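Here's the structure, in structure tokens; my notes come after.
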2 protein chains.
Amino acid sequence: MTIAQVAQRTGLTAHTLRYYERAGLMLEPPPRGDNGHRRYTERDADWIALLTRLRASGMPIAAMRRYAELVRRGRDTYVARKELLEAHRADVIAKIEQLRSDLEIVDHKIDLYSRRIMGEE
Amino acid sequence: MTIAQVAQRTGLTAHTLRYYERAGLMLEPPPRGDNGHRRYTERDADWIALLTRLRASGMPIAAMRRYAELVRRGRDTYVARKELLEAHRADVIAKIEQLRSDLEIVDHKIDLYSRRIMGEE
DNA sequence: CTGGGAGTTAGAGCGCGCTCTAAGTCAAGC
DNA sequence: GCTTGACTTAGAGCGCGCTCTAACTCCCAG
């Protein structure tokens with residue numbers, strides 16, 4: 001798989017894929033073909049897909065790097081990995097709650113404007 | 001009210017309050033005392049509190065500026081204000097949905113590790 | 001043999017939202 | 001008078017996550 005294909009598949013750009021690699025997010029740097037081009041495996045693509053999900057949920061690059069390091073270190077980091085994800089999970093839930101609460105104010109304001117608009121017309 | 005008091009109350013720093021003012025987020029620049037210091041009114045503090053809620057819900061500074069402009073322009077912008085907030089509301093809801101969906105993957109992974117840890121011990 | 005297209009690198013640049021610095025003014029307390 | 005502390009300004013700097021540029025190599029089609 002070429003970098004362009006992985007980009008296509010994951011929605012990231014080739015630039016970003018190289019950036020992620022530099023940032024230490026890959027389990028191992030993808031091997032190169034004779035021409036020096038990266039050749040990604042299916043497993044790489046799956047891993048990158050997972051990264052995009054973690055990223056989309058607001059996990060910082062630094063935490064993703066820590067996670068990648070744990071995965072690289074193998075089976076005896078299951079507990080640490082689980083803890084890392086649980087911490088992230090708590091962050092996400094807190095964020096959702098925060099958004100929900102802020103949404104109330106927005107809704108309230110919208111309501112207010114609705115009534116004012118009604119009152120005028 | 002001094003800038004420090006408003007900072008205290010809103011959780012922003014004095015630096016940020018001045019930045020918001022420069023960014024055009026205030027309804028009007030707070031008047032100054034004889035010493036040239038800003039003197040905020042209760043209404044200013046309320047407005048800033050609203051800004052922090054909008055900000056916390058992810059509204060960009062630029063959108064907050066547009067909203068402030070509408071408020072400054074007075075009563076005949078109710079519809080536009082409502083539309084702006086409704087657009088923001090849709091953004092927030094979409095974000096919440098996105099987070100919820102990403103959370104599923106995280107939960108799934110946590111589950112996986114739980115079972116692996118169990119299996120090993 | 002000549003383009004064109006896809007990849008490579010190191011490193012610069014950008015947009016956002018602050019955050020801080022430097023240099024200055026002013027008022028109150030010792 | 002002198003220090004301390006709260007404020008003022010213009011503008012620089014920062015952290016994050018990309019995003020892009022320049023210069024290069026390689027390969028293939030015409």
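Proteins get letters first, then strands, A, B, ... in listed order; numbering begins at 1 in each. Everything quoted here is computed from the prediction, not taken from an experiment.
- Nearest nucleotide to the side chain of Arg32(B), out of dT8(C), dT8(D), dC18(D): dT8(D).
- Each of dG11(C), dA6(C), dT19(C) was ranked by its minimum atom distance to the side chain of His37(A); first place goes to dA6(C).
- Nearest-nucleotide mapping onto DNA chain D: of Asn35(A) and Thr13(A), the residue sitting toward the 5' end is Thr13(A).
- At least one side-chain heavy atom of Tyr67(B) sits under 4.5 Å from a side-chain heavy atom of Lys109(A).
- Heavy-atom nearest nucleotides on DNA chain D were determined for Thr16(A) and for Ile3(B), and the one closer to the 5' end corresponds to Ile3(B).
- Among the nucleotides dT21(C), dT9(C), dT21(D), the one closest to any side-chain atom of His15(A) is dT21(D).
- Contact annotation: Tyr20(B) does not reach the phosphate of dG17(C) (side-chain N/O to OP1 or OP2, under 4.0 Å).
- Picking from dC18(D), dT9(D), dG7(C) the nucleotide with the shortest atom distance to the side chain of Thr2(A) gives dG7(C).
- Out of dT9(C), dC18(D), dC18(C), the shortest distance to the side chain of Arg55(B) is found at dC18(C).
- Between Arg38(B) and the phosphate of dT9(D), there is a side-chain N or O to OP1/OP2 separation shorter than 4.0 Å.
- Contact annotation for Ala4(B): backbone-only contact, meaning every heavy-atom pair under 4.0 Å involves sugar-phosphate atoms and none involves a base.
- Between dG17(C), dC18(D), dT8(D), one nucleotide has an atom nearer to the side chain of Pro60(B) than all others, and that is dG17(C).
- Within 4.0 Å (heavy atoms only), Arg22(A) reaches at least one base atom of the nucleic acid.
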